[in-house]
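Counting starts at 1 for both ligands and their atoms, in listed order. Computed from a prediction, not measured in an experiment: that's the story for all the values here.
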Amino acid sequence: MSFVKGLVCKECGKGYEKLPIHVCEYCFGPLEVDYDYPAIQKVISRESIQNGPPSMWRYRPLLPIDGDPQVGLHTGYTPLVKAPNLAKALGVKELYVKNDSVNHPTFSFKDRVVAIAVTKAKEMGFDTVSCASTGNLANSVAAHAAEAGLKSCIFIPDGLETGKILGTLIYGTRLIAIHGSYDDVNRLCSEIATTYKWAFVNINIRPYYGDGSKSYGYEIAEQLGWKTPDNVVVPVAGSSLITKIYKAFNEFKDLGIIDKVTSKVFAAQATGCSPVTTAIKNETDMITPVKPNTIAKSIAIGNPADGYYGVKTTKVSGGWGEDITDEEVIEGMRLLAETEGIFTETAGGVTVGVTKKLIQQGRIKPDESTVICITGNGLKTLDALEGQFEMPTVIQPNLHSFEELYNNQVAV
Ligand SMILES: *Cc1c(COP(=O)(O)O)cnc(C)c1O
Ligand SMILES: [Zn+2]
């Protein structure tokens, strides 16, 4: 059963059929999924959701597939972790970590969008899936293509972390590295997409793909006891996730599943690639593309596809945007690990560091509730930690060697 009427242009409102297309041919605006909300209203409730599977598919009527999900049956419904130690360290009362570093199967929030995109690829009869990726999407597309029995061909910028590269190759995919940045990769992919009839998950399948991110927002609201937090801090690359979290909150409100949306949405970027937070701080919705230079490679998109909507989301919600240096990114990763025992990748370090900065600036108040979006796993970006720690001293396997070392070492 499908609740999708078709696609609709986000700018001029022109309707389209459910096809693998993503741009309005009249105004070049992005297309988005047009849902039959009255029909959804009839079947969805807090109870129907709670009786659903412990995965993103508990929100099935609000996701853009026509039949049953064909891959990623265990994706989503990740923990919303209360973070009292981190809250104390940052000087606020109520802090939560929405932890997609343990998302199934490839340990980032991208599994949500790819579960949708690869199911759509199957529904639409494609035999090959493809994408331009900063790393996590590559992992997830390769994994889900393997699960679906589809071929995959994946494009990445050169210089990605080893974990992201090997963590893609293991699934038996064609992986192609391009000399250049993600934006060069994306441009080439759009060109390839005009000739090769593949499902490019973040190009021609993008309207469907993007809505997988809504599940992250639904989960935050459900796991907080059917309400939205005062603040949400979101790592931003192309600006899809940040836009869809807010869309999810508002859909829940419009359907009567929650009473109101009270959240300010904050964008988090690394200073070395901060086109969105720069626009926010300059109080403009015009994005000036940049050439990325940061260790937070998974969110290093210099020319963000939905940047305009990302800025708009922060503005409409009353939020803001901030960015931090690479040193602060590492500090953020360490802080989350040391306080809450959660090892996130560089993008998570960005979110934690930016949250700290927003609290210091007084934009996030001590008595407010805040959800920090942790979207990827630290084991995939070990390269960023190279040289940050002293490696352990090797001792002989006897008590004397242990005591000699232990008693001489300054306690930490
Ligand atoms: C892709 C990604 C993001 C941001 O994604 P957008 O929707 O493109 O803004 C955030 N965190 C991680 C770890 C990612 O891989
Ligand atoms: Zn249009």
Discussion item. Looking at Q269 and D323, would you say the former's side chain and the latter's main chain have a donor-acceptor pair under 3.5 Å?
Written reply: no

Practice prompt. Check whether any N or O atom of I301, backbone or side chain, sits under 3.5 Å from an N or O atom of ligand 1, and answer yes or no.
Written response: no

Worksheet, complete the sentence: Counting from 1 in the order shown, the ligand 1 atoms closer than 4.0 Å to a non-hydrogen atom of E345 are 13 (C)

Worksheet item: Considering distance alone, does some N or O of S108 sit under 3.5 Å from an N or O of ligand 1?
Response: no

Fill in: Atom CD of Q388: over 12 foreign heavy atoms under 6.0 Å
yes

Practice prompt. Give every protein N, O or S atom lying under 2.8 Å from the Zn ion (ligand 2), naming each by residue and atom.
Written response: C9 SG, C12 SG, C24 SG, C27 SG

Worksheet item: Taking only heavy atoms of A347, which atoms of ligand 1 are found under 4.0 Å from at least one of them?
Response: 11 (N), 13 (C)

Worksheet, complete the sentence: Given the options K10, K312, R206, K244, D306 meets side chain to side chain donor-acceptor pair (under 3.5 Å) only with R206

Worksheet item: Nearest protein heavy atom to atom 11 (N) of ligand 1, by residue and atom, and its distance?
Response: T375 OG1, 2.6 Å

Worksheet item: Does the side chain of E222 come under 3.5 Å of the side chain of Y59 through a donor N or O and an acceptor N or O?
Response: yes

Discussion item. Does any part of the side chain of I49, heavy atoms only, come nearer than 4.5 Å to the side chain of I44, both counted from C-beta?
Written reply: yes

Worksheet item: For residues T262 and T228, is any side-chain donor paired with an opposing acceptor at under 3.5 Å?
Response: yes

Discussion item. Hydrogens and angles aside, do T78 and N103 bring a side-chain donor and acceptor to less than 3.5 Å of each other?
Written reply: no

Fill in: Closest protein heavy atom (residue, atom, distance) for atom 2 (C) of ligand 1
K110 NZ, 2.4 Å

Discussion item. Only heavy atoms of F109, strictly under 4.0 Å: list the atoms of ligand 1 that pass.
Written reply: 1 (C), 2 (C), 3 (C), 4 (C), 5 (O), 7 (O), 10 (C), 14 (C)

Worksheet item: side chain to side chain donor-acceptor pair (under 3.5 Å) with D326: which of T294, T346, N293, T271?
Response: T294

Worksheet entry | Donor on one side chain, acceptor on other, Y16 and E25, under 3.5 Å | no

Worksheet item: Do the side-chain N and O atoms of T339 and N85 include a donor-acceptor pair separated by under 3.5 angstrom?
Response: no

Item to complete: Distance to 0.1 Å, residue and atom name: give those for the protein heavy atom nearest to atom 7 (O) of ligand 1.
Response: L241 N, 2.8 Å

Worksheet item: Who's the nearest protein heavy-atom neighbour of atom 8 (O) of ligand 1, and how far?
Response: G238 N, 2.8 Å

Discussion item. With heavy-atom distances below 4.0 Å as the criterion, list the atoms of ligand 1 near S239.
Written reply: 6 (P), 8 (O), 9 (O)

Practice prompt. Go through ligand 1 atom by atom and flag the ones less than 4.0 Å from a non-hydrogen atom of S240.
Written response: 6 (P), 7 (O), 9 (O)

Discussion item. When you compare the side chains of N139 and K110, does any donor N or O come within less than 3.5 Å of an acceptor on the partner?
Written reply: no

Worksheet entry | Min N/O separation V236 to ligand 1 under 3.5 Å | no

Discussion item. Are more than 12 heavy atoms, taken from residues, nucleotides or ligands other than R46, located less than 6.0 Å from that residue's CZ atom?
Written reply: yes

